[in-house]
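These notes concern the structure reproduced below.
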Amino acid sequence: MSLLITEECINCGACLPECPNEAIFETRSAAEEKGNKVGEGQGDGDTVYVITYERCTECVGHFDEPQCAAVCPVDDCCIPDPEIPETTDTLLDKAKQLNPDKEIDPAKIWAGVRN
């Protein structure tokens, strides 16, 4: 499943350079201007960063934990989106499609992935 950024976001920007899939945007409108979709109700009013579910792989295949959550100074800011459930296999396939030139490691999975 994709992760989402809650209203707890303080717009610090720590997450932006950490995302291996370039799934994080400063505003909902910035994501949508590039043709990306954002979950219903997320980033309304362009007041918090957003994660586009089409590009988010929860860092599966890249890292052992979601990097946005790992670097975020706010607890419970980057959380699993209950509206976008995806299996490990789906996330790995998405990671391979988004990053055809990167090595995707199927062993890099975190405990929060729903299967």
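Computed from a predicted structure; not experimentally measured. Along the sequence shown, residues carry numbers from 1.
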Considering residues at least two apart in sequence or located in another chain, which fulfil the side-chain contact (heavy atoms from CB on, under 4.5 Å) criterion with [X]?
| X | result |
| --- | --- |
| N11 | C9, V48, Y49 |
| K37 | Y53, E54 |
| C72 | V74, C77, C78 |

[X] and [Y]: which non-hydrogen atoms are nearest, and at how many Å?
| X | Y | result |
| --- | --- | --- |
| I24 | L16 | O-CD2, 3.3 Å |
| C56 | S2 | CB-OG, 3.5 Å |
| A23 | C19 | N-SG, 3.2 Å |

May I have the list of side-chain donor-acceptor pairs in residues 99-111 shorter than 3.5 Å, sequence neighbours left out?
from, atom 1, to, atom 2, distance (Å)
N99, ND2, N21, OD1, 2.7
N99, ND2, H62, NE2, 3.4
N99, ND2, A95, O, 3.1
K102, NZ, P20, O, 3.2
D105, OD1, A107, N, 2.9
W110, NE1, E58, OE1, 3.1

Path from I10 to V71 over hydrophobic side-chain contacts below 4.5 Å: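 I10 and V71: separate clusters.
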
ILVMFWY network linking V50 to I5, side-chain heavy atoms under 4.5 angstrom: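 No.
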
Which value, rounded to the nearest 0.5 Å, describes the distance between [X] atom [atom1] and [Y] atom [atom2]?
| X | Y | atom1 | atom2 | answer |
| --- | --- | --- | --- | --- |
| L92 | T57 | CG | OG1 | 8.5 Å |
| L91 | C59 | CG | SG | 10.5 Å |
| T88 | D93 | OG1 | CG | 11.0 Å |

Pairwise side-chain contact, D76 with E8, heavy-atom cut-off 4.5 Å (strictly under):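 Not touching, per the 4.5 Å side-chain cut-off.
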
Co-members of the apolar cluster containing I79 [side chain, <4.5 Å]: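 Besides I79, the cluster holds L4.
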
Side-chain donor-acceptor pairs under 3.5 Å in residues 38-47, sequence neighbours left out?
from, atom 1, to, atom 2, distance (Å)
Q42, NE2, D81, OD2, 2.9
D46, OD1, R28, N, 3.0
D46, OD1, S29, N, 3.1
D46, OD2, S29, OG, 2.7

